[in-house]
Amino acid sequence: FELRKIWGKPSFLLSVCVLLAVNLFLMWYINLPDEGTPPLSAYKAFIEDIASMSESEKTDYIDDLKAKVDGIAFVQTIQGMQNMGNEMGAALAQQEMEANPGLFEQYYDLYQSGDYLIYTDSFAKESALIQELYEENSKVSGYTDYLESVQKNKDSLSGISIFGSTENFSTRNTQKSAKDYDGLENTEIQWQPSRGISAAMENSVTDVLLLLGIFLFVGSLIAEEKEKGLFNITRGTKYGLCVSIWSKLAALLIHCFVITAVMVGGNLVYAELTAGLGNLRVSIESIAPYMESNLQISVLEYIA
């Protein structure tokens, strides 16, 4: 009854629709590309390109892209020095070319043709995209080393006298961390870009709007009875207080689940259509921002 009397009001449903529309609009707005920010479509195109690759092929592919953008940046730097039109610029250009023999010649033709733009329409965006993806791949590729470092930290602290006691907080904390990561050595890492998942799940605007949605529901519950003068009646009936209170709390709990599913679900749909979510069955450690997780779950389970 508590749910029906609120969710059955057209004005309340309209308010929820407005919150959802505002959330999607702001998600679109904050992810608009600028001169140095790649568009979300670039991430989706990249995910599609690496979908059938093995992990070694992904690493080779992103390394090759990184080498190209670094080479193009070097050519741009040399040309900038040469365009200074003085002896100092020419000397600096010559010095850089001697320090990196053959690099200018290797990428000059590619720079002239403009074929280095694969996912974006400008070098600044392309470079930012490749740099971001390269760093994510490098982080995830070192997952085994990360697990080893956790165990080494435990062994190192245990060998220091001031940390040798199990009553010491640092020792207990380090030992607990090492224990939490036991059994993760066989975790299968299948790297893919994190932009879509992060944009959908870590949107602070959505968090604020979710709180507004909860306040809206609570306010409607209270205003409904206040406007009809029902407070005095519920206080004087046998089940007016406890049953009414528990019903309202249960209705609020259900509302929290529903509005979260609606808002975050909208984020996920938008992220899939624009940036791509990739394979949701891979382990959560395959996504760079969540690589340090000690949970043996998939991305889909994390979302749930």
Side-chain angles (χ1 to χ4, degrees), residues 1-31 169 172-173 176 180 194-275 277 280-281 283-285 287 289-290 292-304:
F1 172 77
E2 296 291 350
L3 279 171
R4 186 169 63 250
K5 75 178 184 180
I6 302 302
W7 278 91
K9 295 169 63 175
S11 59
F12 181 81
L13 294 178
L14 178 61
S15 299
V16 172
C17 291
V18 170
L19 288 178
L20 178 60
V22 170
N23 179 60
L24 292 176
F25 170 78
L26 292 177
M27 188 171 182
W28 165 80
Y29 182 77
I30 62 179
N31 286 291
F169 172 78
R172 295 199 310 272
N173 190 44
K176 183 181 184 304
D180 289 340
S194 66
R195 184 62 183 272
I197 296 295
S198 297
M201 302 300 295
E202 299 183 16
N203 191 339
S204 58
V205 171
T206 301
D207 296 338
V208 173
L209 293 176
L210 280 174
L211 287 176
L212 291 178
I214 294 171
F215 294 153
L216 179 65
F217 186 85
V218 173
S220 298
L221 276 177
I222 298 173
E224 176 79 11
E225 296 190 359
K226 185 176 181 181
E227 291 173 0
K228 296 180 179 180
L230 298 177
F231 284 146
N232 291 332
I233 296 178
T234 55
R235 289 171 185 166
T237 58
K238 183 177 180 180
Y239 300 109
L241 288 178
C242 293
V243 174
S244 178
I245 288 172
W246 283 112
S247 297
K248 286 176 168 57
L249 289 176
L252 177 60
L253 176 64
I254 296 172
H255 169 78
C256 288
F257 278 108
V258 172
I259 191 112
T260 300
V262 170
M263 300 284 279
V264 178
N267 285 358
L268 290 167
V269 171
Y270 179 84
E272 170 60 24
L273 294 175
T274 55
L277 297 177
L280 299 181
R281 296 187 298 274
S283 64
I284 190 64
E285 289 81 8
I287 310 299
Y290 312 110
E292 297 177 3
S293 170
N294 64 341
L295 302 176
Q296 299 185 43
I297 61 175
S298 67
V299 174
L300 184 60
E301 290 172 320
Y302 162 72
I303 292 174

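- With contacts defined as side-chain heavy-atom distances shorter than 4.5 Å, the pair Leu300/Arg281 does not qualify.
- A donor atom on one side chain and an acceptor atom on the other are not found under 3.5 Å apart for Asn31 and Thr274.
- Listed by chain and number, the residues in a ring-ring contact (aromatic ring centres under 6.0 Å, His included) with Tyr270 amount to none (sequence neighbours excluded).
- From Ser220, atom OG reaches atom CZ of Phe215 across 13.0 Å, with rounding to the nearest 0.5 Å.
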Take Ile197 and Tyr290, measure what side chain to side chain contact (heavy atoms under 4.5 Å, CB included) needs, and give me the verdict at the end. CA-CA 10 Å; Ile197 296 295; Tyr290 312 110; 3.9 Å; yes
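- At least one donor-acceptor pair closer than 3.5 Å links the side chain of Glu301 to the backbone N or O of Ser298.
- To the nearest 0.5 Å, the span separating CG on Leu221 from NZ on Lys248 amounts to 6.0 Å.
- Between Val262 and Leu19, the closest side-chain pair of non-hydrogen atoms is not below 4.5 Å.
- Atom-to-atom distance recorded for Leu249:CG and Leu253:CG is 9.0 Å, nearest 0.5 angstrom.
- In this structure the side chain of Ile214 reaches within 4.5 angstrom of the side chain of Cys256, judged on heavy atoms.
- Nearest heavy atom pair, residue Gly266 against residue Leu24, reads O-CD2, 3.6 Å.
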Apply side chain to side chain contact (heavy atoms under 4.5 Å, CB included) to Ile303 and Val264, showing your working. CA-CA 9 Å; Ile303 292 174; Val264 178; 5.5 Å; no
Show your reasoning for whether side chain to side chain contact (heavy atoms under 4.5 Å, CB included) applies to Val22 and Val205. CA-CA 9 Å; Val22 170; Val205 171; 5.8 Å; no
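- The closest donor-acceptor contact from the side chain of His255 to the backbone of Ala250 lies at 3.5 Å or more, if one exists at all.
- Between Ile254 and Phe217, the closest side-chain pair of non-hydrogen atoms is not below 4.5 Å.
- In this structure, Trp28 and Phe25 have tilted ring planes: the angle between them lies in the 30° to 60° band.
- The salt bridge (Lys or Arg N to Asp or Glu O under 4.0 Å) test applied to Lys5 returns Glu2, Glu225, not counting sequence neighbours.
- In plain terms, the two heavy atoms of Glu285 and Leu295 that are nearest each other are OE2-O, 2.8 Å.
- Between Ser283 and Val299, the closest heavy-atom pair is O-CG2, 4.0 Å.
- In this structure, Ala271 and Met27 approach most closely via the heavy-atom pair CB-CE, 4.4 Å.
- Minimum interatomic distance between Ala275 and Gly196 (heavy atoms only, all atoms of both residues): CB-CA, 4.0 Å.
- Closest heavy-atom contact between Val16 and Ile259: CG1-CD1, 4.1 Å.
- Classified by interplanar angle (parallel below 30°, tilted 30° to 60°, perpendicular above 60°), the ring pair Phe12/Trp7 is perpendicular.
- Side-chain atoms of Asn267 and Met201, non-hydrogen and from C-beta on, never get closer than 4.5 Å to each other.
- With rounding to the nearest 0.5 Å, the separation of CG in Asn203 from OG in Ser198 is 11.0 Å.
- From Leu13, atom CG reaches atom CD1 of Ile6 across 10.5 Å, with rounding to the nearest 0.5 Å.
- A distance of 5.0 Å separates CG of Leu210 from OG1 of Thr260, quoted to the nearest 0.5 Å.
- Shown are Thr206, Leu212, Asp207; of these, the side-chain contact (heavy atoms from CB on, under 4.5 Å) with Leu209 is made only by Leu212.
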